Peer 1: 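Pasting a structure here, questions to come.
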Amino acid sequence: QKEVEQDPGPLSVPEGAIVSLNCTYSNSAFQYFMWYRQYSRKGPELLMYTYSSGNKEDGRFTAQVDKSSKYISLFIRDSQPSDSATYLCAIRSYNTDKLIFGTGTRLQVFP
Amino acid sequence: DTGVSQNPRHKITKRGQNVTFRCDPISEHNRLYWYRQTLGQGPEFLTYFQNEAQLEKSRLLSDRFSAERPKGSFSTLEIQRTEQGDSAMYLCASSERQGVDSPLHFGNGTRLTVT
């Protein structure tokens, strides 16, 4: 079993839609959760991070963590064509700086 | 541009040859990381440095791979006797310090193709 599972998509939505991206993880030792966005032929860039259960909001983006279910989500409101990218969840435990990434979900937002 | 810089952007080599990649982190970032990403997969951790000290290495980093960070500034990743399975994007990242609130800033990677 992989430590982090993420549906690779692709996910195709119309402009303005609400997008839900999800990951599950297997080890309860993981305590820090991040979402990265990666455009084609670019490196990943950090969107959000959180370390507690619940919601964290930043503009059109909301990160949600449910530690009891080992489930993390990223919601994008009012999606734009410029949001078209691959979204990677990443997790780490408290005693290491090593990030473990999901496979990434490819999102396409069409006008 | 003061982001993480990686060179070369692309490298094509024949199986059995040695290759070396360079990473220049953001100035004054103490931590430097190497990841590998294959098509359709997320980045996989290879190794990281705190200044010049290599603190952790993945099992993915076979004895054909070696990374250095002399003087705690730029870093090099060398692959000896390349194999076709080494074809991937090699990503470098840096962070200011330890801690989840010190995010990793990634470069745009070096794409290696082994023929």
Side-chain angles (χ1 to χ4, degrees), chain A residues 2-11 21-25 29-52 56 58 61 63 65 67 72 74 85-107, chain B residues 1 3-10 21 23-26 29-51 53-61 88-111:
Chain A
K2 286 188 176 181
E3 293 180 287
V4 185
E5 299 273 4
Q6 184 175 11
D7 187 336
L11 186 61
L21 304 164
N22 309 294
C23 287
T24 58
Y25 62 96
F30 295 130
Q31 297 189 352
Y32 303 110
F33 311 94
M34 284 139 278
W35 284 96
Y36 282 80
R37 177 174 62 195
Q38 186 173 26
Y39 291 112
S40 180
R41 289 186 284 277
K42 298 286 189 182
E45 57 176 324
L46 181 66
L47 282 176
M48 299 184 71
Y49 72 87
T50 185
Y51 46 85
S52 57
K56 182 177 180 180
D58 184 0
F61 298 90
V65 175
K67 288 188 177 182
I72 60 175
L74 178 70
T86 295
Y87 290 80
L88 297 151
C89 62
I91 57 174
R92 57 167 274 215
S93 62
Y94 70 95
N95 60 351
T96 177
D97 272 4
K98 179 177 73 175
L99 293 182
I100 300 172
F101 284 87
T103 55
T105 299
R106 191 155 55 93
L107 171 68
Chain B
D1 186 349
V4 176
S5 176
Q6 291 189 247
N7 287 288
R9 289 297 311 275
H10 300 98
F21 312 138
C23 171
D24 288 272
I26 294 172
H29 275 196
N30 293 324
R31 298 216 161 198
L32 186 147
Y33 305 78
W34 285 99
Y35 283 79
R36 181 174 70 185
Q37 186 175 26
T38 54
L39 196 63
Q41 300 296 316
E44 295 174 294
F45 171 80
L46 292 178
T47 188
Y48 82 94
F49 294 83
Q50 166 79 27
N51 297 316
Q54 191 171 16
L55 296 186
E56 188 173 348
K57 290 167 49 172
S58 164
R59 289 171 306 197
L60 293 174
L61 215 65
M89 174 79 83
Y90 290 84
L91 292 163
C92 176
S94 68
S95 66
E96 190 175 359
R97 61 183 184 282
Q98 181 183 10
V100 68
D101 61 339
S102 181
L104 269 63
H105 297 266
F106 281 87
N108 288 326
T110 294
R111 181 170 297 282

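Source: prediction; values computed, not measured. Every chain is numbered from 1, with letters handed out A, B, ... down the list of sequences.
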Peer 1: Could you tell me which portion of Tyr39(A) (side chain, backbone, both or neither) has an atom closer than 4.5 angstrom to a non-hydrogen atom of chain B?
Peer 2: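 Neither part, no heavy atoms under 4.5 Å.
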Peer 1: What part of Gln6(A) is in contact with chain B, defined as an atom under 4.5 angstrom from a non-hydrogen atom: side chain, backbone, both or neither?
Peer 2: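 Neither the backbone nor the side chain of Gln6(A) comes within 4.5 Å of chain B.
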Peer 1: Of the backbone (N, CA, C, O) and the side chain (C-beta and beyond), which part of Gln41(B) lies under 4.5 Å from a heavy atom of chain A, both, or neither?
Peer 2: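 The answer is both parts of Gln41(B).
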Peer 1: Please name the pair of heavy atoms, one in Arg41(A) and one in Arg9(B), separated by the smallest distance, quoted to 0.1 Å.
Peer 2: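 Of all heavy-atom pairs spanning Arg41(A) and Arg9(B), the closest is O-NH2, 3.3 Å.
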Peer 1: For a quick test of reading the model, state the closest non-hydrogen atom pair linking Tyr35(B) to Asp97(A) and the distance between them.
Peer 2: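 In terms of heavy atoms, the two residues are closest at OH-O, 4.4 Å.
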Peer 1: When only pairs under 4.5 Å are counted, which of Gly109(B), Pro103(B), Pro43(B) shares the most heavy-atom pairs with chain A?
Peer 2: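 Highest number of heavy-atom pairs under 4.5 Å: Pro43(B).
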Peer 1: Give, for atom CG of Leu99(A) and atom CD of Glu44(B), the distance between the pair rounded to the nearest 0.5 Å.
Peer 2: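 Reported to 0.5 Å precision, the distance equals 13.0 Å.
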Peer 1: Give, as side chain, backbone, both or neither, the part of Pro44(A) having an atom under 4.5 angstrom from any heavy atom of chain B.
Peer 2: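 Both parts, backbone and side chain.
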Peer 1: Provide the closest heavy-atom pair for Leu88(A) versus Gly42(B) in the form atom of the first, atom of the second, distance.
Peer 2: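 Heavy-atom minimum between the residues: CD2-CA, 3.8 Å.
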Peer 1: Could you grab the distance from atom NZ of Lys98(A) to atom OG1 of Thr47(B), nearest 0.5 Å is fine?
Peer 2: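 Going from the NZ atom of Lys98(A) to the OG1 atom of Thr47(B) covers 11.0 Å.
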Peer 1: Is Phe61(A) atom CZ crowded by more than 12 heavy atoms from other residues, nucleotides or ligands, each under 6.0 Å away?
Peer 2: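 For Phe61(A), atom CZ is crowded (more than 12 foreign heavy atoms under 6.0 Å).
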Peer 1: Is the count of non-hydrogen atoms from other residues, nucleotides or ligands lying under 6.0 Å from Lys57(B) atom NZ greater than 12?
Peer 2: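 Counting other residues, nucleotides and ligands, NZ of Lys57(B) stays at 12 neighbours or fewer.
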Peer 1: Considering non-hydrogen atoms only, spot the tightest contact between Leu91(B) and Gly43(A) and give its length.
Peer 2: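 Minimum heavy-atom separation between Leu91(B) and Gly43(A): CD2-CA, 4.2 Å.
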Peer 1: In terms of heavy-atom proximity below 4.5 Å to chain B, should Arg92(A) be classed as side chain, backbone, both, or neither?
Peer 2: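 The side chain, not the backbone.
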Peer 1: With a 4.5 angstrom heavy-atom cut-off, is it the side chain or the backbone of Leu55(B) that approaches chain A, or both, or neither?
Peer 2: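 Neither; nothing under 4.5 Å.
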